[in-house]
Amino acid sequence: MTELVVTRFAPSPTGHLHVGGARTALFNWALAQKLGGHFLLRIEDTDQARNSQEAVRGILDDLAWLGIHWQEGPVHAGVGGDPRGVGPFFQSERLARYDAAIAQLVATDLAYPAFDTPEELDALRKAASAEKRAFRYVRAAGWDRSAALARMQREPHVVRLRAPNETIVVHDQVLGDIAFGPEQIDDFVLRKRDGFPTYHLAVVVDDEAMGVTHVLRGPEHLNNTPKHIALQRALGVRTPIYAHVPSIQNADGSKMSKRDKDKAARTLAQQAFAADAGLHARADAAIDAKRLAGWLGNPKSQLETSELDALERVLALDLPSVTVEDFRHAGYLPETVNNYLALLGWNPGEKLADGRDREQFSMADLAQKFALERIGRGNAKFDRAKLLAFSQEALAALADAEWLERWRSWCERYRSGVAASGAEPERVLADPARARVFAASMKSRCATLAAATAPAGPGRFALVADDAFSYDEKAVAKWLAKGEPSGFTILTSVRATIEKLAPFEPTEIEAAVAQFCEASGVGMGKVAQPLRVALTGTAASPPLGETLAVLGRAAVLARIDRCLRETRPT
RNA sequence: GUCCCCAUCGUCUAGAGGCCUAGGACACGGCCCUUUCAAGGCCGCGACACGGGUUCGAAUCCCGUUGGGGACACCA
């Protein structure tokens, strides 16, 4: 009888999923798929101090967007997971289980109550560090069990495990066997003063209760693993298979974390305020002035996610993307994020027919090919340029209709930001034929969905009103004012051709313009560039046929007229 | 400070003792294509951290050095 493979992702609800967490979730999901097992989601909300419903919702939403679905876990108002959803798996709702484990351990004298105050422990730690030795909690000599148990009934206390006096070997599937000597496992806390379990207890009890067979997690947990094994032995339960994946770092080698955004925001905000004191008024409208001042002055403080978002918006800060939501906002496809993340520390090890390594794969490929043996051991730096290149390629590979659908829903979700940039997606979306041309011409020109609406982006010209763009002076001088005949003259005559043209589609437009060139004996550039300047304000745009077709005849004529009116010297 | 982990082009990586003159991708540079901007095609630049072993033979195994990362909470 083979055991059902169960993997899990167990985030604590402190904000949107960051890339490291997303990759861990993805790997766990993939392993379960590969082995025909279950992937479950468990919210580790045992810290009463930092814990938010909003964050839970955000994480669930992030996972659902990525397409990482759980067979077992929280059921949350239509977000992600299996509709049969077993759960909810919130540790805060499972306190009875942890207490039962504690009772068992205390009864067998494998755990004991301790009454030290946080201040006392703090003093001990300081003393240890002053003497340059490692602090290790040990039960005082002459400890009286029955007195302690009696005292436990009436005094606030924590419960600690009696750490075993033995070396514990972790059989890590990525790193190999790692030995931890007894001096590295002290009598750590299992249950806090507030009655909530610590992470260590909750994780061990739940992994056992949920039948978890494989634990894939970040490297920060490696040193916790011997503690977990010690606890499993005390409890008399199995030890799952462990695998620790390397961390994801910033370009400078520091660990990639949510704090990076906060730090970058402080620096950028200070610069912005220094450059323009008037910005203070705008910032004050968005977030509490006192909070803002406190945060600016104290590098250790952090803004709430909502405050940070508000500040980012009003000051137009360009903050680094670190969470899944950031990348979604930045216009990446979920499959691209998954693909890139998976490649950070894992690869399928396949060669393509042309000799290149397989780097691009789908979720289905991942589910089929994922294997622990191919997880790398070194840390990986997050390379935004490569992600962008992946995004570019994935977007270009989409069918026009698909691109359009993705772009439409992106625009809807981030409507306010799109509007703030001055883009009006409805302008092209309103007409299916024009929308399709837009999609086709944006696909190879946009590395992200957001690029299409960006203020200086390639789709800009099609998304603004006919009188809402300005003319690049240099382009006007070079392509309209100069030459014999001048661009203005050519514009006037080509206008007549355009006015009569039907159907108004890329191929026909291209042909008509080519014919016009032929007939009037001027080169293509002499016609195309003046048209581009008149239509988009600049000399750069998609091919002429696409540019005109996207705008539609009425807009094209209106823009030519406006250009003649506004830029032609009288 | 103590403990743990890691180490191939700038970055992600392939590499399981001879297939390695170390392969691919991104980035970068050049050329081609071209009505502009892209996209695409071709070419180029570019790495086994260092020092000792083991072996007929080391990027690959062992030891040390150096460098990087992580952990040392009543956070997870």
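In what follows, every chain begins at residue 1, and chains take the letters A, B, ... in the order their sequences are listed. Values below: every heavy atom of this structure, side chains too, minus hydrogens, waters and symmetry copies.
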Which of the following nucleotides, [options], is nearest to the side chain of [X]?
{"X": "A:K255", "options": "B:rA71, B:rA76, B:rC12", "value": "B:rA71"}
{"X": "A:Q249", "options": "B:rC5, B:rU35, B:rG69", "value": "B:rG69"}
{"X": "A:A540", "options": "B:rC75, B:rU36, B:rA25", "value": "B:rU36"}
{"X": "A:D357", "options": "B:rC74, B:rG23, B:rC4", "value": "B:rG23"}
{"X": "A:K351", "options": "B:rU35, B:rG70, B:rA14", "value": "B:rA14"}
{"X": "A:L175", "options": "B:rC6, B:rG70, B:rC74", "value": "B:rC6"}

Below 4.0 angstrom, which residues in [range] have at least one non-hydrogen atom near RNA chain B?
{"range": "residues 151-167 of chain A", "value": "A:V158, A:R160"}
{"range": "residues 224-232 of chain A", "value": "A:N224"}
{"range": "residues 375-397 of chain A", "value": "A:R377, A:G378, A:N379, A:A380, A:K381, A:D383, A:A385, A:K386, A:A389, A:Q392"}
{"range": "residues 442-457 of chain A", "value": "A:S444, A:R445"}
{"range": "residues 184-193 of chain A", "value": "A:Q184, A:V189, A:K192, A:R193"}

Positive for side chain to side chain donor-acceptor pair (under 3.5 Å) with A:R191, one of A:T198, A:D99, A:T46:
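Single side chain to side chain donor-acceptor pair (under 3.5 Å) partner of A:R191 among A:T198, A:D99, A:T46: A:D99.
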Please measure how far the C1' atom in B:rG40 lies from the corresponding atom in B:rC33, and state the result in whole Å.
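Their C1' atoms lie roughly 8 Å apart.
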Round to a whole Å and report the spacing from CE of A:M256 to C1' of B:rG68.
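About 18 Å, once rounded to whole Å.
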5′-ward residue of the pair A:P118/A:P543 relative to RNA chain B:
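Closer to the 5' end of RNA chain B: A:P543.
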Of A:M524 and A:D45, whose closest RNA chain B nucleotide lies nearer the 5' terminus?
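The residue closer to the strand's 5' end, by nearest nucleotide, is A:M524.
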Reckon A:R358 touches a base, only the sugar-phosphate, or nothing at all at heavy-atom distances under 4.0 Å?
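If one applies the 4.0 Å heavy-atom cut-off, A:R358 turns out to touch nothing in the nucleic acid.
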Qualifying residues under side-chain contact (heavy atoms from CB on, under 4.5 Å), relative to A:L110, sequence neighbours excluded:
A:L105, A:T108, A:A234
With a 6.0 Å cut-off on ring centres, are A:F327 and A:F390 close enough?
no
Within this structure, what is the CZ-CG distance for the pair A:F196 and A:L95, rounded to the nearest 0.5 Å?
5.0 Å
Watson-Crick or G-U wobble partner of B:rC26, both distances under 3.5 Å:
B:rG10
Give a yes or no on whether a salt bridge exists between A:R42 and A:D207, defined as a side-chain N under 4.0 angstrom from a carboxylate O.
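The answer is yes: the pair qualifies as a salt bridge.
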Is the positively charged end of A:R162 above the ring of A:Y112, judged by distance under 6.0 angstrom from the centroid and angle within 45° of the axis?
no
